[in-house]
Amino acid sequence: MLRVGPRRADGYHRLATLFQAIDLADELELEPAEETVVEGFPDTLVTRALELLGEPRRVRLTKHIPAAAGLGGGSADAGAVLRAFADGRDVDELYAIARELGSDVPFFLSGLETALGMGRGDRLTPLHDFPRAAFALVLVPSDEGLSTADVYAACTPNPVFEAVRGDLIRGVHTARDARGVAALVANDLQPAALTLRPQLTDVLEELLGRGALAAAVSGSGPTVFGVVADRAEAERLASRVPGALPASPLG
Ligand code: C5P
């Protein structure tokens with residue numbers, strides 16, 4: 001569900017990707033302050049979001065989402081900061097700031113549970129009917145992160161991008177159950193992530209060997225995820241794979 005097309009004139013790649021919010025979240029507390037200070041975790045995207053908003057705050061950030069993991073944790077924090085200022089701000093201005101912060105930030109600003117991301121991942125189509133209650137996930141984070149820019153630099157764009165983009169757009173509307181969701185799983189960044197981190201291949205094989213319906217690298221990695229039928233199965237599988245956590249789609 002992450003298809004990478006040719007590089008655009010602005011240096012970003014064309015994308016067709018599926019965003020799904022899950023029940024894994026960081027905690028952010030914001031208080032008025034003379035200047036921005038982020039306590040708990042030096043998250044540059046939160047600081048940058050407050051700078052672009054022109055709203056200095058003292059921030060207490062409690063991280064639960066692994067950082068540099070390909071799970072969108074930094075983008076989720078930045079999106080949450082923008083959402084905190086949604087009242088009284090122009091929506092277009094907030095989306096412009098979100099795009100400046102990163103390609104994934106508009107999704108986290110939107111508050112949508114499921115969306116297709118087109119353009120560079122910033123143009124969203126809501127998917128209200130996605131079968132979120134019909135599957136669960138197992139996440140296997142790594143101790144060491146991967147740089148998104150490094151993974152894109154090592155990636156080969158899909159030579160049949162238009163075709164696989166069309167398949168994804170149709171597929172998200174026809175998936176009805178966990179098998180249908182598993183059939184959508186594909187990541188054009190995965191070969192690059194595996195070149196940079198070959199040991200992720202073992203994690204993919206372990207999830208599939210233990211019964212996951214599909215498994216792939218999440219985003220630019222290094223987190224690997226597996227699709228299973230329900231939460232109980234996710235918990236069972238996660239208890240057998242070191243470091244793994246169960247997760248459920250929101251919505
Ligand atoms: O948008 P964001 O800042 O998250 O992107 C980080 C890096 O990932 C970019 O600098 C670029 O190298 C790569 N990227 C890309 N095409 C996209 C999104 C990200 O090449 N659509």
Side-chain angles (χ1 to χ4, degrees), residues 1-22 26 38 41-53 61 63 65-83 92-110 112 115-125 141-142 144-169 172 186-197 200 216-223 225:
M1 48 263 283
L2 200 181
R3 294 307 200 173
V4 180
R7 248 165 78 115
R8 316 189 311 187
D10 64 4
Y12 287 94
H13 291 79
R14 287 186 66 201
L15 293 190
T17 190
L18 179 65
F19 289 109
Q20 175 60 56
I22 58 171
D26 293 340
V38 180
F41 190 85
D43 189 305
T44 52
L45 267 194
V46 166
T47 309
R48 184 108 180 85
L50 290 165
E51 275 169 14
L52 290 173
L53 286 162
L61 174 55
K63 283 300 278 185
I65 309 170
L71 292 172
S75 301
D77 297 340
V81 167
L82 298 183
R83 282 168 70 77
D92 292 341
E93 184 205 347
L94 286 178
Y95 275 97
I97 294 176
R99 285 192 177 88
E100 198 167 334
L101 290 165
S103 307
D104 297 348
V105 181
F107 172 70
F108 293 103
L109 166 61
S110 75
L112 290 167
L116 267 178
M118 301 292 179
R120 63 173 168 105
D122 59 333
R123 274 190 20 232
L124 303 172
T125 307
S142 293
E144 208 188 323
L146 269 177
S147 145
T148 301
D150 290 353
V151 175
Y152 272 98
C155 143
T156 307
N158 195 307
V160 289
F161 177 68
E162 290 303 340
V164 293
R165 178 179 184 273
D167 291 344
L168 179 62
I169 294 168
V172 294
N187 183 351
D188 288 335
L189 291 177
Q190 182 167 302
L194 294 183
T195 302
L196 297 172
R197 200 60 68 71
L200 296 180
V217 167
S218 171
S220 56
T223 302
F225 71 96

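In this chain, numbering begins with 1 at the start of the sequence shown. Order of appearance sets the numbers: ligands from 1, and atoms from 1 within every ligand.
Residue Val4 comes nearest to Cys155 through the heavy atom pair CG1-SG, 4.0 Å, listed as atom of the first residue, atom of the second, then distance. When all heavy atoms of Val217 and Ala193 are compared, the closest pair comes out as CG1-CB, 4.1 Å.
Partners of Phe108 under the ring pair (Phe, Tyr, Trp, His ring centres under 6.0 Å) rule, at least two apart in sequence or in another chain, do not exist in this structure. With sequence neighbours left out, Asp167 forms a salt bridge (charged side-chain N to carboxylate O under 4.0 Å, His left out) with Arg170. Tyr152 meets the ring pair (Phe, Tyr, Trp, His ring centres under 6.0 Å) test with His13; sequence neighbours excluded.
A side-chain N or O of Thr148 and one of Ser220 form a donor-acceptor pair less than 3.5 Å apart.
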For ligand 1, run through the N/O pairs with the protein that fall under 3.5 Å and put one pair on each line.
unit_1, atom_1, unit_2, atom_2, d
ligand 1, 1 (O), Ser103, N, 2.8
ligand 1, 1 (O), Ser103, OG, 2.6
ligand 1, 16 (N), His13, N, 2.8
ligand 1, 20 (O), His13, ND1, 2.7
ligand 1, 21 (N), His13, O, 2.9
ligand 1, 21 (N), Arg120, O, 3.0

